[in-house]
There are 2 protein chains.
Amino acid sequence: MSQTPPKPHHHGDLRAALIRAGIDILQTDGFHGLSLRKCAARAGVSHAAPAHHFDGLAGLKGAIAHHGLTLFREAMVAASKDETDDLARLKGICRGYLNFVAARPALFRLMFGFESHEIEKAAREIDDAVAYDVLRAACAPFVRKDLPAPILEAQVWSLIHGYATLYLTGNFLRDVHALPEQEAFDQVMAALDRMVSL
Amino acid sequence: MSQTPPKPHHHGDLRAALIRAGIDILQTDGFHGLSLRKCAARAGVSHAAPAHHFDGLAGLKGAIAHHGLTLFREAMVAASKDETDDLARLKGICRGYLNFVAARPALFRLMFGFESHEIEKAAREIDDAVAYDVLRAACAPFVRKDLPAPILEAQVWSLIHGYATLYLTGNFLRDVHALPEQEAFDQVMAALDRMVSL
DNA sequence: ATGTCAATATTGACAGTGTCAAGTTTGCGG
DNA sequence: CCGCAAACTTGACACTGTCAATATTGACAT
């Protein structure tokens, strides 16, 4: 895509404005509300203008996801940075994960929903690392010879990702979601105690 | 919706035909390929005919998800029924879960993607139980006083659901997915050993 | 058999959507 | 000042879901 717009001509910086518009629309109108034409309208340009900055809708979604990943990382960092204990820190990461899901459901859906398959794949692999590193660091203290880092990370990531998505969609887990939110989270995340114990 | 179509007039049983068409289209053209008009065309009726059997697209998706849930259940039962050991049986359920995801990705996405939010909600809560009961039964042997059934179920469901969706979308977990599929599955599901152990 | 009537399906229209092919404006570099 | 390319607009196309109006069908009562 056009990663170097050196000097904006008409708008100012349309590319950034469209991404901002997209994130706003996701928050306001939900995932369905996002469309190229609405982003264009909100940015005050014509309906086909975005085509010059993104490779169609998939390209715009890719750019939004790219930006969203830094917000995602920030949420996890913020929720874990005050923890000193290794386990509490890991749970803080998960707490941040869930906070992000609750705060920006549509953006999360764009980033991690099945749609991510159709998103511009190029930069994705690099971007993912931005968020994944946070988890990796939090998992590091628990790595053992019989529990390699990639496996542990996959286990933890699967657990929190699964819980977050089931939480978001309301599928299954009704008994648990009937509990107060924090208690439900704590009880499910208690699985980490065992997964990580000697 | 029309839950009692006592005597078909024109088509034969258009409702069932549309659901079948929908599942076929999901398998052939992927999630995006599904549309009311295409289902109608494949069933040999006009584009607006489905409206008389389903409450719009959400209604059709709901009906497809309803049917898909029984296939989903069958996949889990089939993969676990020959196991006698309790833990192996639980892992068989998870194996069946992943098998289903691999075999019918678009249908799975319709059922458990974020789209399920917009799906006809009415029957969903009852339907869910159809599949959830399989998991519940497999979890039952491991329930203890300090590990109530709903919590354990939520932990197991979150783990396999998270792994399956990350597997499907290709987000994160690259190191693990570089492994042979069965080995990756086994290693991640080893977390169950610990979660369930005394 | 005949007429009634509701369920079933068709047709045509409408507002959206993404995307493409042209044209138009803008402003920088020679 | 002029060219020229980047940025943007305009108009069209095919496709989508949805609705209102119409036509058809088949069962049931008389």
Side-chain angles (χ1 to χ4, degrees), chain A residues 1-22 25-26 28-65 106 109-110 115 117-120, chain B residues 1-22 25-26 28-65 106 109-110 115 117-120:
Chain A
M1 241 41 39
S2 65
Q3 40 270 69
T4 52
K7 286 171 189 174
H9 292 244
H10 299 61
H11 184 273
D13 188 358
L14 183 54
R15 185 185 161 91
L18 287 170
I19 294 174
R20 238 178 302 119
I25 290 173
L26 282 175
T28 313
D29 303 358
F31 185 81
H32 284 119
L34 183 68
S35 80
L36 278 173
R37 291 169 110 103
K38 268 209 247 182
C39 287
R42 180 177 283 234
V45 294
S46 75
H47 66 263
H52 297 272
H53 296 272
F54 306 103
D55 185 15
L57 185 59
L60 174 60
K61 285 182 175 177
I64 292 175
R109 172 173 170 176
L110 184 143
E115 292 82 7
H117 228 204
E118 294 108 29
I119 275 180
E120 182 184 289
Chain B
M1 236 47 35
S2 65
Q3 41 270 69
T4 51
K7 284 169 189 174
H9 292 244
H10 299 62
H11 179 96
D13 188 357
L14 183 53
R15 183 184 162 92
L18 288 169
I19 294 174
R20 239 178 301 119
I25 290 172
L26 283 175
T28 312
D29 303 359
F31 185 81
H32 285 119
L34 183 68
S35 80
L36 278 173
R37 290 170 111 103
K38 268 209 248 183
C39 288
R42 180 177 282 235
V45 293
S46 72
H47 67 262
H52 298 273
H53 296 272
F54 306 102
D55 185 14
L57 184 59
L60 174 60
K61 284 181 175 177
I64 292 176
R109 172 174 172 176
L110 184 144
E115 292 82 9
H117 229 204
E118 295 105 29
I119 276 179
E120 182 184 291

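Labels below follow one simple rule: chain letters A, B, ... track the order of the sequence lines, proteins then strands, and each chain is numbered from 1.
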**Student:** Return the set of residues passing side-chain contact (heavy atoms from CB on, under 4.5 Å) with A:Leu26 (not counting sequence neighbours), or none when no residue passes.
**Tutor:**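 Checked A:Leu26 against side-chain contact (heavy atoms from CB on, under 4.5 Å); matches are A:Phe31, A:Leu34, A:Ile64, A:Ala106, A:Leu107, A:Leu110.
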**Student:** Please round to the nearest 0.5 Å and tell me the distance separating atom CD1 of B:Ile19 and atom CG of B:Leu60.
**Tutor:**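 The CD1 atom of B:Ile19 sits 7.0 Å away from the CG atom of B:Leu60.
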**Student:** So which heavy atom on B:Ala40 is nearest to which on B:Ser46, and how close?
**Tutor:**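 Reported closest heavy-atom pair: CB-O, 3.3 Å.
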**Student:** Who passes side-chain contact (heavy atoms from CB on, under 4.5 Å) against A:Arg42, sequence neighbours left out?
**Tutor:**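 Here the qualifying residues are A:Ala21, A:Asp24, A:Ile25, A:Thr28.
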**Student:** Below 4.0 angstrom from OP1 or OP2 of D:dA6, is there any side-chain N or O of A:His53?
**Tutor:**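 A:His53 to D:dA6 OP1/OP2: no side-chain N or O under 4.0 Å.
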**Student:** If I take atom CZ in residue A:Phe31 and atom C1' in nucleotide C:dT17, what distance separates them, rounded to the nearest angstrom?
**Tutor:**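 It is 14 Å, rounded to the nearest whole Å.
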**Student:** Closest approach of A:Leu14 and A:Ala43, non-hydrogen atoms and distance?
**Tutor:**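 The pair with the smallest heavy-atom distance is CD1-CB, 3.9 Å.
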**Student:** Please identify each residue that fulfils side-chain contact (heavy atoms from CB on, under 4.5 Å) with B:Ala41, with sequence neighbours left out.
**Tutor:**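 In terms of side-chain contact (heavy atoms from CB on, under 4.5 Å), with neighbours along the sequence ignored, B:Ala41 is linked to no residue.
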**Student:** When the C1' atoms of the five terminal pairs at each end define the local axes, what inter-axis angle does the helix from C:dA1-D:dT30 to C:dG30-D:dC1 show, to 10 degrees?
**Tutor:**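 End-to-end axis angle for the helix from C:dA1-D:dT30 to C:dG30-D:dC1: 10°, rounded to 10°.
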**Student:** Could you tell me the separation between the CG atom of A:Leu60 and the C1' atom of C:dT17, rounded to a whole number of Å?
**Tutor:**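 Going from A:Leu60 (CG) to C:dT17 (C1'), I get 14 Å.
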**Student:** Apply side-chain contact (heavy atoms from CB on, under 4.5 Å) to B:Ala48 and list each qualifying residue two or more places apart in sequence or on a separate chain.
**Tutor:**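 Checked B:Ala48 against side-chain contact (heavy atoms from CB on, under 4.5 Å); zero matches.
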**Student:** Over how many whole Å does the gap from A:Asp29 atom CG to C:dG16 atom P extend?
**Tutor:**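 Rounded to whole Å, this separation is 13 Å.
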**Student:** If a protein heavy atom is under 4.0 Å from the base, mark B; if only from the sugar-phosphate, S; if neither, -; do that for nucleotides 14-22 of chain D going 5' to 3'.
**Tutor:** --BBBB---
**Student:** What's the shortest heavy-atom distance between A:Lys38 and A:Gly33, and which atoms?
**Tutor:**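 Nearest heavy atoms, A:Lys38 then A:Gly33: CE-O, 3.0 Å.
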